**Student:** 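Shown below is the structure under consideration.
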Protein chains: 2
Amino acid sequence: MEAALLRIQAGENFDSLSLRSITKAAGVVPAAFYRHFDSLDDLGLALMDESFGTLRAMLREARRGEWTEAIPTSVQVLTGYVNDHRDHFAFIARARGSASSRLRLAVLAEIRLIASELATDLARFPYLRDWSTDDLNMVATLIVNAMISTVEAILETPPDNHVAQVRVAEVADKQLRLVILGVPHWHSEP
Amino acid sequence: MEAALLRIQAGENFDSLSLRSITKAAGVVPAAFYRHFDSLDDLGLALMDESFGTLRAMLREARRGEWTEAIPTSVQVLTGYVNDHRDHFAFIARARGSASSRLRLAVLAEIRLIASELATDLARFPYLRDWSTDDLNMVATLIVNAMISTVEAILETPPDNHVAQVRVAEVADKQLRLVILGVPHWHSEP
DNA sequence: CACAATCGTGAACACTCGTACACCCAGGAC
DNA sequence: GTCCTGGGTGTACGAGTGTTCACGATTGTG
């Protein structure tokens, strides 16, 4: 699993890497792979479990902050987690656009789930309390999309380049603030 | 090229489809491929040219509308173009997360370019006239990301399901309006 | 000590892959 | 009528693919 994550983090796509390249990187003969996984698909699912495990841990931590500080703490938790677990987030990001529809659909479903969870979270905020479910989902997906592209930006930025890292975080912070600024003036109809 | 686009539109990834599957779908023997392209990479570049051709045509048309109607006309042009050229947009969407870094990087660069063009466009709007370049880029990438996910949503929706199509367009419209609503109240510092 | 389980090994299997070559044939130019 | 060109065909090559199988070695347990 480490070998696979390493290659994915280096820019390869999960379903473009071969059994043999994985096992060679792991210092093992191809057949040994089958002592641990039933197939390559199986490896993909295992990586998904692990990766989404850390993603959900991140979400739990992000939710623990104070109401009024939701944006800065969320951004901080996000950047921290992504940099601490670059491999897992790189795997998810890559699997999102991959060909193996098994994985792609699973990732898409998870992200949709996260968006709808965020929608119910948002309903507890002032101004958003009496929005329609549709409108809450609308703003939740807007936010989730912004966060996904933030994750991709973080992954493209070298972890030791602190200036660039801070810049990415600032952009994410501003985007969230801009979206929230519109909330008090919202009317569902044009 | 048609055969390749067809398979991509059906959900496959560009670099997961093989020479032989393409040529078989085109009703031709593998070797005949090389009468038209130097290699598979070459085919990818040709498809990129064609696809970004229609994307840029779309952008030109979207820019032609009236100031005050920018949002609804943009959304309308977007949905129209994506549905009329599903193959090209599917190709771009898939290439964005693909493994062949040649294509992926090219697509990413194009999208970044489009975002910065949008940023200069935005500078002509009221309230946005004296924003800093950084902040203009911030809101431009926010908008571009929302549009990309809208494109993906359109592609996932059957073209003949008009109810679903209209719903996707409405969400896109609302997201843009929400973002713009925050603009007049913006302060760059928290 | 013996036994079972765990994990790695080497060879083999039946594919598929991209690419190259010699050949062929229709159609237009002279 | 000859020649050239564009495009299609059949065959072949070497490399890489996922997977299976019989076999060894190491290790902890009874």
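The chains referred to below are lettered A, B, ... by the order of the sequence lines, with proteins before strands, and numbering in each begins at 1. Every value quoted in this text rests on a predicted model; they were computed, and no experiment measured them.
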**Student:** Does the ring center of B:H85 lie less than 6.0 Å from the ring center of B:F89?
**Tutor:** no

**Student:** D:dG7 P sits how many Å from B:F37 CZ, rounded?
**Tutor:** 11 Å

**Student:** Just how far, in rounded Å, is P of D:dG18 from CG of A:D42?
**Tutor:** 15 Å

**Student:** Establish, with yes or no, whether the OP1 or OP2 oxygen of D:dG16 is under 4.0 angstrom from a side-chain nitrogen or oxygen of A:S18.
**Tutor:** no

**Student:** Any side-chain to backbone donor/acceptor pair from A:N161 onto A:A164? Under 3.5 Å, distance only.
**Tutor:** yes

**Student:** I'd like to know if the side chain of B:S21 and the backbone of B:L17 have a donor-acceptor N/O pair within less than 3.5 Å.
**Tutor:** no

**Student:** Round to a whole Å and report the spacing from CD1 of B:I22 to P of C:dG18.
**Tutor:** 8 Å

**Student:** Is A:R56 salt-bridged to A:E110, cutoff N-O under 4.0 Å?
**Tutor:** yes

**Student:** Parallel, tilted or perpendicular, judged at 30° and 60°: which one describes the rings of B:F91 and B:F14?
**Tutor:** perpendicular

**Student:** Would you say B:H36 places a side-chain N or O within less than 4.0 Å of OP1 or OP2 belonging to D:dG6?
**Tutor:** no

**Student:** Tell me: NZ of A:K24 to P of D:dG18, nearest whole Å?
**Tutor:** 13 Å

**Student:** Indicate, with a heavy-atom threshold strictly under 4.0 Å, whether A:V28 touches base, sugar-phosphate, or nothing.
**Tutor:** sugar-phosphate

**Student:** Decide yes or no on ring pair (Phe, Tyr, Trp, His ring centres under 6.0 Å) for A:W186 and A:Y127, but give the supporting numbers first.
**Tutor:** CA-CA 9 Å; A:W186 176 250; A:Y127 288 108; over 10 Å; no

**Student:** Using a 4.0 Å heavy-atom cut-off to protein, can you give one letter per nucleotide of nucleotides 19-27 of chain D, 5' to 3': B if the base is in contact, S if only the sugar-phosphate is, - if neither?
**Tutor:** BBBBB----

